[in-house]
Amino acid sequence: MSSLFRRSAPSAPQAPNVPRDRLVTLIRKPGCHLCDDAQVVVEKVCADLGVPWEKKDITQDTQLHDQYWEQIPVVLVDGEQHTFWRVNEQRLRKALTE
């Protein structure tokens with residue numbers, strides 16, 4: 001049979017992007033209400049997607065303090081600054097799944 005008449009097998013559906021080997025870092029300080037709000041969003045998104053996250057306290061790290069003290073809370077995704085002050089759940093979710 002000629003190749004003109006062969007049917008190709010349907011391609012398998014593509015799996016949605018699944019975060020692999022990602023890390024979210026929340027840089028915060030104690031007593032910061034924006035930091036508390038940001039942590040709620042980070043915890044929710046990371047739990048939903050199975051992404052590990054960590055928090056770092058700028059009062060315990062001079063380098064982080066010097067770099068971010070005017071922007072806290074700051075969210076890093078894989079070590080790169082994603083956002084600061086207010087964390088948007090949909091934007092964070094999109095950053096972790098693309």
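Because the structure is a prediction, the values reported are computed rather than measured. All residue numbers in this chain count up from 1 along the given sequence.
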(Q) Going by side chain to side chain contact (heavy atoms under 4.5 Å, CB included), Cys46 matches just one of Val51, Leu23, Val41. Which one? (A) Val51
Q: Side-chain contact test, heavy atoms from C-beta onward, threshold under 4.5 Å: evaluate it for Gln81 versus Gln71 and give yes or no.
A: yes
Q. Same cluster or not: are Val75 and Trp53 linked, directly or through other Ile, Leu, Val, Met, Phe, Trp or Tyr residues, by side-chain heavy atoms under 4.5 angstrom apart?
A. yes
Q: Please answer: with hydrophobic residues joined when any side-chain heavy atoms are less than 4.5 Å apart, are Val74 and Trp69 in the same cluster?
A: yes
**Q.** Val77 vs Leu96 side-chain heavy atoms within contact, under 4.5 Å
**A.** yes
Q | Sub-4.5 Å side-chain heavy-atom contact between Lys55 and Glu43 | A | no
Q.
What I'd like to find out is whether the side chain of His82 reaches to under 4.5 Å of the side chain of Arg91, using heavy atoms alone.
A. yes
(Q) Less than 4.5 Å apart, side chain to side chain, heavy atoms only: is that true for Arg28 and Gln39? (A) yes
Q: Would you kindly confirm whether Val24 and Val40 end up in one hydrophobic cluster when ILVMFWY residues are joined by side chain heavy atoms under 4.5 Å apart?
A: no
Q | Leu64 with Leu76, same ILVMFWY side-chain cluster at under 4.5 Å | A | yes
Q. Is there side-chain contact between Asp37 and Val87, with at least one heavy-atom pair below 4.5 Å?
A. no
**Q.** Minimum side-chain heavy-atom gap Leu26-Pro73 below 4.5 Å
**A.** yes
(Q) Let me confirm one number: the CD-NZ distance from Glu89 to Lys94, rounded to the nearest 0.5 Å. (A) 14.5 Å
Q. Applying the 4.5 Å side-chain criterion to the ILVMFWY set and letting contacts propagate, would Tyr68 and Leu34 be lumped into a single cluster?
A. no
Q. Step by step, would you call Lys29 with Lys56 a side-chain contact (heavy atoms from CB on, under 4.5 Å)?
A. CA-CA 8 Å; Lys29 74 174 185 176; Lys56 295 188 176 183; over 6 Å; no
Q: Determine, for Arg22 against Asp78, whether the closest basic-nitrogen to carboxylate-oxygen distance falls under 4.0 angstrom.
A: yes
Q: Please name the residue in the list Asp57, Thr62, Asp61 that meets the side chain to side chain donor-acceptor pair (under 3.5 Å) test with Thr59.
A: Asp57
Q: Taking the side chain as every heavy atom from C-beta outward, state whether Ile58 and Ile72 have any atom pair closer than 4.5 Å.
A: yes
